[in-house]
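Just below is one structure, and these are the notes that go with it.
Side chains included, hydrogens not; waters and symmetry mates left out as well; all remaining heavy atoms used.
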Amino acid sequence: MQKKITALVDCNSFYCSCERAFNPRLKNKPVVVLSNNDGCIVSLTPEAKALGIVMGSPIFKMKELVARHQVAVYSSNYTLYGDMSARVMHTLAELAPEMEVYSIDEAFLDLAGFASETLSEYGHKIRNTVYQHTGIPVSVGIAPTKVLAKLCNKLAKKSKDGSMLGSLSYFDYSPKELDELLRGFPVEDLWGVGRQSTIKLHARGIKNALELKQASEKMIRNELTVVGHRILRELNEESCIDFELLKEPKKQIISSRSFGELLSELDPILDAVSNHATRVCEKLREQESVCFNMSVFLHTNPFKVGTPQYYNSRNVEFPHGVNETNIMIRYARKAMEEIFRDGFQFKKCGITVNEIHPDTENQLDLFTPNIPDHERLKSALTTMDIINSRYGTDSVKMASCGLEKH
C-alpha cells in the first residue's frame with residue numbers, strides 16, 4: 001500500500017497578491033484590500049501587518065497608519081480574484097495526480113508515490129511554477145496527513161527569525177525535531193480545533209500540538225467527540241480525516257454549467273441563471289452564511305471556430321447579506337438581462353458569490369422589508385431545503401426557475 005503524502009498549497013495574502021500581480025510597483029510595499037462597501041480590511045500583506053494594521057479592522061480606525069506609511073488601499077475586485085484563483089488551481093492540477101480545491105486560495109495535492117527525500121525540492125518547484133504562471137506567491141506544507149500538512153503550511157509561512165520559508169516538508173525532520181515543532185505550535189492553531197475545543201483542551205492542560213498528540217485517545221474522544229479523536233490520530237501520522245469532515249465555510253461559491261444546447265433566446269437563459277441562484281443560496285444556507293457580492297456571467301463557446309464570440313459579466317453589490325433564493329434570483333435575472341446580447345449562440349452561464357460571512361453577523365438595513373415577513377420567508381426557504389433534501393433536488397422550486405433544464 002502506498003504511503004499517504006499530502007501537500008497543502010495556500011496563496012499568501014491572496015487578494016493583495018492579485019493586486020500586486022497587475023502592479024509590480026507594489027512589491028515589498030504595504031497593501032490592504034477592503035471588504036464590501038470598503039468597510040473592513042479583509043486581506044493585508046506582511047508589510048502592512050508589521051505596521052500594526054489588523055485584519056478585520058474597520059478601515060477608518062487604521063486611517064492614520066495608512067496615511068502615514070502610504071499604504072496602498074484597494075476595493076475588493078472579486079471578478080479578478082476568481083479569475084486568478086482559477087489560474088492557480090489550473091496550474092496546481094498539472095503538478096499532482098489528484099487535487100482537492102479547499103477554498104478560493106487553498107488546495108490539497110495528493111503526492112503519494114513521491115520519494116520522501118525529493119519532497120522538499122518538489123515543494124519549492126510547486127511554489128516556483130505557480131509564481132511563474134500566475135505571479136501569485138504560495139506556501140506549501142507537505143506531510144503524511146491533512147492536519148499535519150496544514151500545520152507544516154503555517155510553519156512554512158514564517159520561521160523563528162521572521163523570514164518566509166515558503167515550503168516545509170514534514171519528512172525532512174527527525175522524530176526529536178518534529179516533537180519540537182509540535183511543542184511550539186499552539187493547539188488553537190490546529191485545523192479543526194475551534195474556540196470551544198480550545199477551552200476544553202486548555203482545561204485539561206493541553207496547550208500545544210505535541211501535548212494533543214500524546215493525549216489519551218479515550219479522553220479526547222469524550223471531550224471533542226469523533227472529530228477531535230481523528231485530529232489526534234492525524235497528529236500521529238494516521239491519515240483518517242475525510243476532506244469534508246472538517247470542511248470550513250466556503251469563502252466563495254460558484255454555480256455554473258454548460259447548456260445542453262446552444263441558446264440564443266433570453267428566456268431559457270434567465271431560467272438557467274435562476275437555477276444557479278437557487279443552488280448558490282442552498283449552499284449558503286447549508287453553511288449558515290450570507291453573501292454581500294455576486295457576479296453573473298454569460299459566454300459563447302470559445303472553441304467553436306467561425307462563430308461570433310461574446311463574454312460579459314456583471315458584478316452586484318447587495319445592501320445587506322443575502323441567502324434568500326427569491327432575492328438573489330431577482331438580482332441575478334436583472335444582471336443577466338443587462339449583459340445578454342442578441343445574435344449570439346451562448347454556451348454557458350453562471351453565478352459566483354463572494355464576501356461570505358456567517359448569517360449571525362448579518363445586519364439588516366432600514367430598507368429591509370419588515371422583520372416578521374423576513375422571518376417567515378426564511379422559515380419557508382428552510383422548509384423548501386428540507387423537502388428537497390428528503391425527496392430530491394428541485395422537488396420544490398421557484399417558478400422563475402422554469403420547468404425545463406437547459
Side-chain angles (χ1 to χ4, degrees), residues 1 3-10 55-56 98-103 105-112 139-158 168-171 173 175-251 283 285-289 356-361 389:
M1 184 177 177
K3 187 175 183 180
K4 183 74 174 177
I5 301 174
T6 298
L8 188 276
V9 183
D10 180 21
M55 173 76 83
E98 291 187 11
M99 178 181 76
E100 295 174 318
V101 178
Y102 183 60
S103 69
D105 59 352
E106 290 179 277
F108 286 107
L109 304 182
D110 182 1
L111 301 184
S139 296
V140 183
I142 303 173
T145 69
K146 289 188 172 80
V147 166
L148 287 171
K150 273 273 195 177
L151 184 151
C152 288
N153 184 281
K154 287 193 175 184
L155 293 174
K157 290 181 181 296
K158 186 179 290 186
L168 189 148
S169 172
Y170 182 90
F171 303 96
Y173 295 85
K176 185 177 180 181
E177 291 172 327
L178 289 171
D179 283 350
E180 287 302 309
L181 285 177
L182 295 179
R183 182 178 286 111
F185 197 90
V187 71
E188 59 266 27
D189 288 345
L190 283 170
W191 185 42
V193 177
R195 186 170 62 87
Q196 292 301 319
S197 296
T198 298
I199 292 172
K200 292 179 181 179
L201 290 171
H202 282 189
R204 290 280 187 169
I206 299 172
K207 297 185 177 180
N208 60 57
L210 180 62
E211 291 170 343
L212 179 54
K213 175 184 177 182
Q214 297 172 340
S216 160
E217 290 194 29
K218 183 178 180 181
M219 183 270 288
I220 293 300
R221 191 180 183 97
N222 288 338
E223 292 287 343
L224 307 185
T225 69
V226 66
V227 173
H229 183 220
R230 291 182 181 179
I231 293 173
L232 182 150
R233 290 164 62 191
E234 289 247 330
L235 287 172
N236 282 281
E237 303 181 22
E238 181 184 352
S239 180
C240 60
I241 290 185
D242 180 52
F243 179 67
E244 296 296 323
L245 184 64
L246 291 180
K247 185 177 176 182
E248 295 177 354
K250 293 182 178 179
K251 301 175 185 177
K283 292 176 182 178
R285 293 194 294 271
E286 182 182 359
Q287 66 178 37
E288 299 181 347
S289 299
I356 296 173
H357 296 282
D359 195 6
T360 53
E361 297 178 7
S389 175

Student check: side-chain heavy atoms of Lys251 and Ile356 closer than 4.5 Å: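 Not in contact.
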Thr145 and Arg233, any side-chain heavy atoms less than 4.5 Å apart: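 With C-beta onward as the side chain, the pair stays apart.
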Could you measure the distance from the [atom1] atom of [X] to the [atom2] atom of [Y]? Nearest 0.5 Å is fine.
X      : Y      : atom1 : atom2 : result
Glu223 : Ile206 : CD    : CD1   : 8.5 Å
Leu148 : Phe171 : CG    : CZ    : 9.0 Å
Ser197 : Ile220 : OG    : CD1   : 9.5 Å
Ile5   : Asp110 : CD1   : CG    : 8.5 Å
Leu224 : Met219 : CG    : CE    : 8.0 Å
Tyr173 : Asp179 : OH    : CG    : 13.5 Å

If you look at every heavy atom in [X] and [Y], which pair is closest and at what distance?
X      : Y      : answer
Val193 : Leu201 : CG1-CD1, 4.1 Å
Cys152 : Leu168 : SG-CD2, 3.6 Å
Ser239 : Pro144 : CB-O, 4.0 Å
Leu232 : Leu212 : CD1-O, 3.3 Å

Cationic tip of Lys146 above Phe108 ring, under 6.0 Å, 45° of axis: yes
Full working for side-chain contact (heavy atoms from CB on, under 4.5 Å) between Leu182 and Leu151: CA-CA 9 Å; Leu182 295 179; Leu151 184 151; 3.5 Å; yes
Residues Arg183, Glu180; criterion salt bridge (charged side-chain N to carboxylate O under 4.0 Å, His left out); working and verdict: CA-CA 5 Å; Arg183 182 178 286 111; Glu180 287 302 309; 2.4 Å; yes
Glu98, CD atom: more than 12 neighbouring heavy atoms under 6.0 Å: no
Salt bridge (charged side-chain N to carboxylate O under 4.0 Å, His left out) evaluation trace for Glu234 with Lys150: CA-CA 11 Å; Glu234 289 247 330; Lys150 273 273 195 177; over 6 Å; no
Side chain to side chain donor-acceptor pair (under 3.5 Å) contacts touching residues 206-218 (sequence neighbours left out): Glu217-His229
Residues Glu188 and Thr198: side-chain donor-acceptor under 3.5 angstrom: no
Mutual orientation of the aromatic rings belonging to Trp191 and Tyr102 [parallel < 30°, tilted 30-60°, perpendicular > 60°]: perpendicular
